[in-house]
Amino acid sequence: MTSAPAPSPSSAPHAVPLRTGGRILVDQLLLHGVQQLFCVPGESYLAVLDALHDAHIAVTVCRQEGGAAIMAEAQGKLTGRPGICFVTRGPGVTNASAGIHIAHQDSTPLIVFVGQVARGALGREAFQELDYRAVFGTMAKWVVQIDDARRLPELVARAFQVATSGRPGPVVVALPEDMLTDTVQTADALPYAAPETYPGAPALQELAARLQAAEQPVVILGGSRWSAQAVQDVTAFASAWQLPVYCSFRRQMLFPASHDSYAGDLGLGANPRLLARIRASDLVLVLGGRLSEVPSQGYELLDIPVPAQPLVHAHADADELGRVYQPVQALHATPQPLAAALAQLHPPGPVRWAAHTRAARAEYLAWSDPSPIRIPGPLQMGQVMQHLRQVLPADTIFCNGAGNFATWVHRFWPFTAYGSQLAPTSGSMGYGLPAAVGAKRLWPQREVVVVSGDGDFLMHGQEFATAVQYGLPLVVVLLDNAMYGTIRMHQEREYPGRISATHLQNPDFRAYAQAFGGHGERVERTEDFAPAMARARASGLPSVLHCLIDPQAITPTGTLDGIRQAALARGVGA
């Protein structure tokens, strides 16, 4: 009998083809489900750019690395999958550090791939050389340099795993340029899968017993790793137990504001009545979040290390449990299985705190009503927010950076849909516009609105060109008061009348938008806003509505003069 011929290497079942490091890397991205990435090109990773030429990955070319990293972070925040960013070495990746820091503090999965000098030049302070482990070791969850192309599948898979597991965060992967051109044989990894941690039955029974014994329990939602289904499940839990629910700072999309249990958010300038209810509570359930500085109101809402209120803390990362606050019950569980389990938990009978929940809800509705708000000047932002509530779809994605202007969104827009909020809990200025580009690239059918300040917008205003280049009809509502308003507010509080380094001379933002090829309008009066917004939405172009705000209108209820006079009355600056 004649034996069958041996298969050729190209047809053998386990044959591994020769590939460059750049090709291997792109193949791993595809294997792990990457469909989009953001970059500023650099010669340090030309081999990757070449491999992307033939790959089914949408590449968004950005104008500055900080914008690219924020766009990727925004997609990570919306999807729970790592946002992907490629930047070049040295100044390229240091520009991207703002996005890396946001991902760290916001617990967002992000992978930043950065070019590195050739391996033979390492340690000589070669052109744009940095030690990435030293530079990003305290800012990223993991930093790795891949010196052997054969290890690309292994280490890229680990990067995806680290970025998404436990408390998600940023990973920085350094790629020596000569490694990317090496031609090697290596097998692909398996697609990553972030492990979920489930609460046990005894822990759920203990939680139910604590709820049944409480008189005024409250729930605070925060963190990442949620999903639309998890939000539905935790809403069912709150409904069954008639619990008042508060969202952590810039996490309002975790619970529908239209629900009878929703009672507001723990942000900057929080409702004082909301804070009083949490302080008076006899059981605080913190689900998913860390209760960090802003939602904890400067770490003064709960005592440290042992809160006066019995605390039940659930978090995806065991290291966060007891790290700042010592709970009476710690639940090591990720939000999705936790919420699913809580949805199956039902009270044995009527609860004692239903009136408390109704009162908390009424306080939120009064606090979030823009209709009575009046500010100095001819453009009334309360009426602007009323109009946006009337005309925009409920699932509109609102994006903002940092500044007092953000209060108009956080306090007066009712977030009712998961995946509808992009805002940095790290307080990073310039976030809104690039985040909106990331959102619109991900979900082009959704409406995306940026609310920005004048100083905030110009931190990454060049990314308006990116929006134009890719035909992304987002709308920027740009509030211009010709100053760094938040710092000016604090300046008047601490050094009344001594204005220093907070004044801004701004361009004509209408002309700015038009110069890039977008739609621009100037809005000076309340009655001008609605028609300008309609024209912007109908234009099919990225748009800027340049809204002139009276500098005195520093908050929805306060003025600069009022803050200064109050400071002087306290004897500050006397």
Run S239 and H259 through side chain to side chain donor-acceptor pair (under 3.5 Å) and show every step you take. CA-CA 9 Å; S239 294; H259 194 277; 2.6 Å; yes

Which value, rounded to the nearest 0.5 Å, describes the distance between K440 atom NZ and T60 atom OG1? 14.0 Å

Write down the atom of H460, the atom of G430, and the distance for their closest heavy-atom approach. CD2-O, 3.3 Å

Verify whether one side chain among Q491 and S500 offers a donor that lies under 3.5 Å from an acceptor in the other. no

Within this structure, what is the CD-CD1 distance for the pair Q35 and I84, rounded to the nearest 0.5 Å? 11.5 Å

Regarding Q462 and Q64, is there a side-chain donor-to-acceptor distance under 3.5 Å anywhere? no

Of H315, H104, E320, the one forming a side-chain hydrogen bond (donor to acceptor under 3.5 Å, both in side chains) with R167 is E320

Could you grab the distance from atom CG of N400 to atom CG of L433, nearest 0.5 Å is fine? 12.5 Å

Heavy-atom count check: over 12 atoms from other residues, nucleotides or ligands less than 6.0 Å from Q505 CD? no

Are the side chain of S261 and the backbone N or O of Q242 linked by a donor-acceptor pair below 3.5 Å? no

Got a donor-acceptor contact below 3.5 angstrom from the W367 side chain to the P272 backbone? no

Looking at D395 and R446, does any basic side-chain N land under 4.0 Å from a carboxylate oxygen? yes

Residues R498, E492: salt bridge by 4.0 Å N-O rule: no

With distance as the sole criterion, is a donor-acceptor pair present between the side chains of Q552 and D561 under 3.5 Å? yes

Check whether any side-chain N or O of S296 sits under 3.5 Å from a backbone N or O of V294 as a donor-acceptor pair, and report yes or no. no

Over-ring placement of R522 relative to F509, 6.0 Å and 45° cut-offs: no

Chi angles and distances behind the side chain to side chain contact (heavy atoms under 4.5 Å, CB included) call for I304, V324: CA-CA 7 Å; I304 297 172; V324 178; 3.7 Å; yes

Is the side chain of T526 donor-acceptor paired with the backbone N or O of P378 at a distance under 3.5 Å, no angle test? yes

If we ignore angles and hydrogens, is there a donor and acceptor under 3.5 Å between the side chains of Q36 and Q75? yes

Hey, mind stepping through T407 and L268 against side chain to side chain contact (heavy atoms under 4.5 Å, CB included) and telling me if it holds? CA-CA 8 Å; T407 302; L268 296 163; over 6 Å; no

Shortest non-hydrogen contact between Y262 and A257, atoms and distance: CD2-CA, 3.5 Å

Is there a donor-acceptor contact under 3.5 Å linking the side chains of Q469 and T466? no

Start with the C-alpha gap between D265 and H410, add the side-chain angles, then the distance that decides, and say whether side chain to side chain donor-acceptor pair (under 3.5 Å) holds. CA-CA 8 Å; D265 70 289; H410 298 328; 5.9 Å; no

The test is side chain to side chain donor-acceptor pair (under 3.5 Å); show your working for R488 and H503 and say whether it passes. CA-CA 8 Å; R488 174 69 183 280; H503 173 72; over 6 Å; no

Smallest separation among heavy atoms of I373 and G382, with atom names: CB-CA, 4.4 Å

Go through the steps for Y418 and Q229 under the test side chain to side chain donor-acceptor pair (under 3.5 Å), then give the verdict. CA-CA 9 Å; Y418 180 75; Q229 182 58 54; over 6 Å; no

Do Y431 and E73 have a side chain donor and acceptor closer than 3.5 Å? yes

